[in-house]
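A short write-up of the structure that comes next.
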Amino acid sequence: MLENANKTPLSEYGEFGLIELLTKNIKLKNQSTILGVGDDAAILNVQNRYQLVSKDLLMEGIHFDIRYYPLKHLGYKAIAVNLSDIAAMNAKPEQVLVGIAASSRYTVEAIEEIYAGMYLCCEHYGVDLVGGDTTSSVSGLCISVTVLGYAQPETIVRRSTAQTNDLVCVSGDLGGAYMGLMILEREKEVFLKDPKAQPDLDGFDYILQRQLKPEPRLDIVNKLKEKNILPTAMIDISDGLASEILHICKQSKKGCCLYEDKIPIDVQTYNTAMDFKLIPTTIALSGGEDYELLFTIKQADYDKIKDINGITIIGHITDANEGCMLITNDKKSIPIKAQGWDAYLKKT
Ligand code: ADP
Ligand code: MG
């Protein structure tokens, strides 16, 4: 019985049956959602706010490996990474639309599990799932999420507006998600060699959670608002600190000066990197998938920000001709690069 409980083929439900199954319990949470799932389109009330739109696509084999990625986490992450893009604009996400294409390898129960993770994230952040599209795929799973957010026009924060002497700030800590992935990959290799081997994930809870269940930093957006701080520029860290600070500097036509010893790295990330013979700073700079916020503020806001928990000042913005530099622990100034970590690797 239990064996079969998990094995309903998608064909048994068909497209409309599956949509009904996946969406029947939706309760709308936002005033801006006039009509959700069920008609040809959702109806939204924008009022006097600007609307922000973003989409992220997750492909099996490219963005996730279903052999070690729990389906519920996958659903949670698919929503979370989209909410993070709205957080990075200093706005509030209120609706998502979900496109899903699955091959016959996936059962109805598997898709329900993905949706359970999606709804968990939507619930946690007060977001309505208002529509989507469902189709089959010849190979693998594809999840595409579109998110809609809102903000008063004057509070929206772009990447392109950092000013010289602004302070560069980052939320949380960096590199954890990448080291979590390294642990999952290592255990996968062990399992492929010996399917009877038990995964050894003890002691890696924090970094595994950083990889499997990233959280959009909407709490930081709210804290900044409470303290009356409007960042001058902002981006979320999906590809690593180096790549993101270069985006801010390039689009703002500025340079920067970051300090290696200021970059926040959790002790579990640090120790795991050392075990893998990797340099923790390199991982924080280029690891990616941390979904923390990287932002700049006016120097005048220093007193307001210094007491907010979970925000670290890691440097400042300079004129473009000074370049984008990292001051290392041994006081060398080296250019920040998005790829090719030779400079960092050579230093030890
Ligand atoms: P159409 O033929 O007009 O594209 P569909 O039958 O695909 O309509 O969708 C019917 C309704 O169900 C629409 O409101 C659509 O947004 C919603 N929907 C379809 N697929 C999904 C999904 N995977 N998740 C959430 N809502 C969905
Ligand atoms: Mg459709």
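Start at 1 and go down the list; that is how both ligands and their atoms are numbered. Nothing here was measured: the structure is a model prediction, and the numbers come from that model.
- For ligand 1, the atoms closer than 4.0 angstrom to any heavy atom of F16 are 6 (O).
- Every atom of ligand 1 is numbered from 1 in the order shown, and the set under 4.0 Å from a heavy atom of Y115 is 22 (C), 23 (N), 24 (N), 25 (C).
- Heavy atoms only, all atoms of each residue included: T23 and I19 are closest at OG1-O, 2.7 Å.
- The N/O atoms of G36, backbone and side chain alike, include none that comes under 3.5 Å of an N/O atom in ligand 1.
- Under a cutoff of 6.0 Å and an axis angle of 45°, K213 and Y76 form a cation-pi pair.
- Contact annotation: the side chain of L278 approaches that of M179 to within less than 4.5 Å [non-hydrogen atoms, C-beta and beyond].
- With ligand atoms numbered from 1 in the order given, ligand 1 contributes 6 (O), 7 (O) to contacts under 4.0 Å with heavy atoms of E15.
- Note on residues 300-314: pairs passing side-chain hydrogen bond (donor to acceptor under 3.5 Å, both in side chains), not counting sequence neighbours, are D301-K304.
- For ligand 1, the atoms sitting less than 4.0 Å from at least one non-hydrogen atom of V37 are 12 (O), 14 (O), 17 (C), 26 (N), numbered in the order shown with element in parentheses.
- Within ligand 1, counting atoms from 1 as listed, the ones closer than 4.0 Å to a heavy atom of G131 are 16 (O), 25 (C), 26 (N), 27 (C).
- If you look at I100 next to ligand 1, the close heavy atoms, those under 4.0 Å, all belong to the side chain.
- For E12 and K7, the salt-bridge test fails: no basic side-chain N is under 4.0 Å from an acidic carboxylate O.
- Contacts with ligand 1 closer than 4.0 Å are made by side-chain heavy atoms of I19 only, the backbone lying farther away.
- Inclusion of T23 in the set of residues having an N or O under 3.5 Å from an N or O of ligand 1 is not warranted.
- Taking each of V98, D39, D40 in turn, the one with a heavy atom nearest to atom 10 (C) of ligand 1 proves to be D39.
- For the pair G132 and ligand 1, the shortest N or O to N or O distance falls below 3.5 Å.
- Under the 4.0 Å criterion applied to side-chain N and carboxylate O atoms, K262 and E260 are not assigned as salt-bridge partners.
- The local environment of OH in Y206 is crowded, with over 12 non-hydrogen atoms from other residues, nucleotides or ligands closer than 6.0 Å.
- The stretch residues 142-154 participates, sequence neighbours left out, in these side-chain hydrogen bond (donor to acceptor under 3.5 Å, both in side chains) pairs: Q51-Y150, K55-S144, K55-T146, Q95-Y150.
- Proximity of L129 to ligand 1, defined as any heavy-atom pair under 4.0 Å, is confined to the side chain (atoms from C-beta onward).
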